[in-house]
Peer 1: 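My structure is below; once you've seen it, I'll send some questions.
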Amino acid sequence: MTPLRMTRISCLWMRFGRGVRAGVATLLLVGTAGCGGEPREGDEPEAIPATPVELTNRDRPDLGSKLPPPATDQIEYDKTSRTLTFYELPDSARWVVQVPGAPAAMAAVRHRLPPGVDPDRTLVFYTKPGGQPSSPVSLRQIQQAQGKGHSSQVQ
């Protein structure tokens with residue numbers, strides 16, 4: 001009769017006690033099958049906000065409905081100096097400019113933009129006391145409204 005040959009792995013497996021082998025088998029079974037149950041509420045990936053303004057305001061439950069957007073035909077933009085000139089806002093509201101890759105920043109009546117900004121992703125809006133923001137308008141919308149005499153806001 002020929003003796004049974006065992007491979008190195010099977011020899012190691014046999015050296016472990018029955019309890020260790022049962023524990024390893026259980027871990028493998030649970031690991032491949034999962035824990036079961038339904039996914040919890042926090043397991044779903046969070047939706048990515050569409051605009052930088054939404055990123056800024058997504059965790060603010062105190063914000064109600066948005067204010068109307070700024071009047072694009074009343075905001076002037078000088079392309080050569082990259083300067084926005086804003087109109088005066090009522091009720092202590094403040095102008096805010098959001099440039100891609102940077103946090104939203106309060107702006108003066110004249111605000112100079114950095115070189116090479118994307119006009120479709122550069123946003124302008126205003127906030128009222130308490131932090132309530134208006135709907136944003138893009139720099140592209142401001143450029144298109146210049147000289148056309150139309151406004152995005154009823155005053």
Side-chain angles (χ1 to χ4, degrees), residues 9 12 16 19-155:
I9 292 176
L12 288 174
F16 292 121
V20 173
R21 289 191 304 244
V24 170
T26 303
L27 285 175
L28 286 173
L29 181 63
V30 169
T32 57
C35 295
E38 295 298 318
R40 293 176 298 190
E41 186 175 320
D43 290 344
E44 293 297 319
E46 190 173 317
I48 298 173
T51 65
V53 175
E54 289 178 19
L55 269 173
T56 306
N57 297 319
R58 71 177 171 191
D59 298 325
R60 302 271 317 264
D62 59 324
L63 298 178
S65 61
K66 290 198 177 211
L67 300 169
T72 54
D73 64 333
Q74 293 182 24
I75 300 172
E76 296 176 23
Y77 179 65
D78 183 0
K79 196 171 186 175
T80 56
S81 67
R82 301 179 320 274
T83 303
L84 285 163
T85 304
F86 298 111
Y87 59 90
E88 189 175 331
L89 291 170
D91 303 326
S92 303
R94 309 209 72 205
W95 287 105
V96 180
V97 175
Q98 172 74 51
V99 178
M106 295 292 178
V109 174
R110 292 179 56 87
H111 181 80
R112 188 167 182 184
L113 297 171
V117 294
D118 182 357
D120 294 317
R121 295 182 55 215
T122 301
L123 302 175
V124 173
F125 59 100
Y126 60 92
T127 61
K128 286 207 168 191
Q132 186 180 19
S134 70
S135 297
V137 294
S138 69
L139 180 58
R140 174 86 63 212
Q141 290 172 302
I142 293 169
Q143 289 173 324
Q144 291 173 345
Q146 282 188 332
K148 291 189 177 179
H150 87 283
S151 173
S152 60
Q153 177 183 10
V154 178
Q155 299 231 345

Peer 1: Taking the side chain as every heavy atom from C-beta outward, state whether K128 and L67 have any pair of such atoms under 4.5 Å apart.
Peer 2: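 Of all side-chain heavy-atom pairs linking L67 with K128, at least one is under 4.5 Å.
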Peer 1: Keeping the roles fixed (side chain from Q74, backbone from A71), state whether a donor-acceptor pair exists under 3.5 Å.
Peer 2: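 No.
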Peer 1: Checking side-chain contact (heavy atoms from CB on, under 4.5 Å) for the pair V99/L113: CA distance, chi angles, key distance, verdict?
Peer 2: CA-CA 8 Å; V99 178; L113 297 171; 4.3 Å; yes
Peer 1: Which residues pass the ring-ring contact (aromatic ring centres under 6.0 Å, His included) test with F86, not counting sequence neighbours?
Peer 2: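 If we apply the ring-ring contact (aromatic ring centres under 6.0 Å, His included) test to F86, skipping adjacent residues, the hits are W95.
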Peer 1: At what distance, to the nearest 0.5 angstrom, does CG of L123 lie from OG of S135?
Peer 2: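 Going from the CG atom of L123 to the OG atom of S135 covers 11.0 Å.
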Peer 1: Can you find a heavy atom in the side chain of L139 that is under 4.5 Å from one in the side chain of V117?
Peer 2: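 Side chain of L139 against side chain of V117, heavy atoms only: contact under 4.5 Å found.
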Peer 1: As a quick check of understanding, evaluate side-chain contact (heavy atoms from CB on, under 4.5 Å) for Q144 and T72, giving each step before the final call.
Peer 2: CA-CA 9 Å; Q144 291 173 345; T72 54; over 6 Å; no
Peer 1: Show every salt bridge (charged side-chain N to carboxylate O under 4.0 Å, His left out) that has at least one partner inside residues 105-117, sequence neighbours left out.
Peer 2: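 The answer is none; no pair qualifies.
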Peer 1: Do the side chains of T122 and P100 get nearer than 4.5 Å, heavy atoms only?
Peer 2: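 The answer is yes, as the side chains (C-beta and beyond) meet within the 4.5 Å cut-off.
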Peer 1: Mind running side-chain contact (heavy atoms from CB on, under 4.5 Å) on V124 and I142 for me, showing each step along the way?
Peer 2: CA-CA 9 Å; V124 173; I142 293 169; 3.9 Å; yes
Peer 1: Please report the shortest heavy-atom distance between A104 and F125, naming the atom on each side.
Peer 2: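 Closest pair (atom of A104, atom of F125, distance): CB-CZ, 4.3 Å.
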Peer 1: How close do D73 and A145 get, counting heavy atoms only, and between which atoms?
Peer 2: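 Closest approach of D73 to A145, heavy atoms only: N-CB, 3.9 Å.
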Peer 1: Looking only at heavy atoms, what is the nearest atom pair of H111 and V97, with distance?
Peer 2: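 Shortest heavy-atom contact: CD2-CG2, 3.7 Å.
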Peer 1: Compare all side-chain heavy atoms of P69 with those of S134 and state whether any distance is below 4.5 angstrom.
Peer 2: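 No, side chains not in contact.
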Peer 1: Between M106 and R94, which heavy-atom pair has the shortest distance, and what is it?
Peer 2: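 Scanning both residues, the minimum pair turns out to be SD-CB, 3.8 Å.
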Peer 1: To the closest 0.5 Å, what do you measure between NZ (K79) and CD (Q143)?
Peer 2: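 CD of Q143 is found 5.5 Å from NZ of K79.
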Peer 1: Report the distance from atom CG of L84 to atom OH of Y77, rounding to the nearest 0.5 Å.
Peer 2: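 So the CG of L84 and the OH of Y77 are separated by 6.5 Å.
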Peer 1: Not counting sequence neighbours, list each pair that qualifies as a salt bridge (charged side-chain N to carboxylate O under 4.0 Å, His left out) and has a residue in residues 131-145.
Peer 2: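 Applying salt bridge (charged side-chain N to carboxylate O under 4.0 Å, His left out) to every pair that reaches into residues 131-145, excluding sequence neighbours, yields D120-R140.
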Peer 1: Report yes if some heavy atom in the side chain of Y126 is under 4.5 Å from a heavy atom in the side chain of P68; otherwise report no.
Peer 2: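 Yes. Closest side-chain heavy atoms under 4.5 Å.
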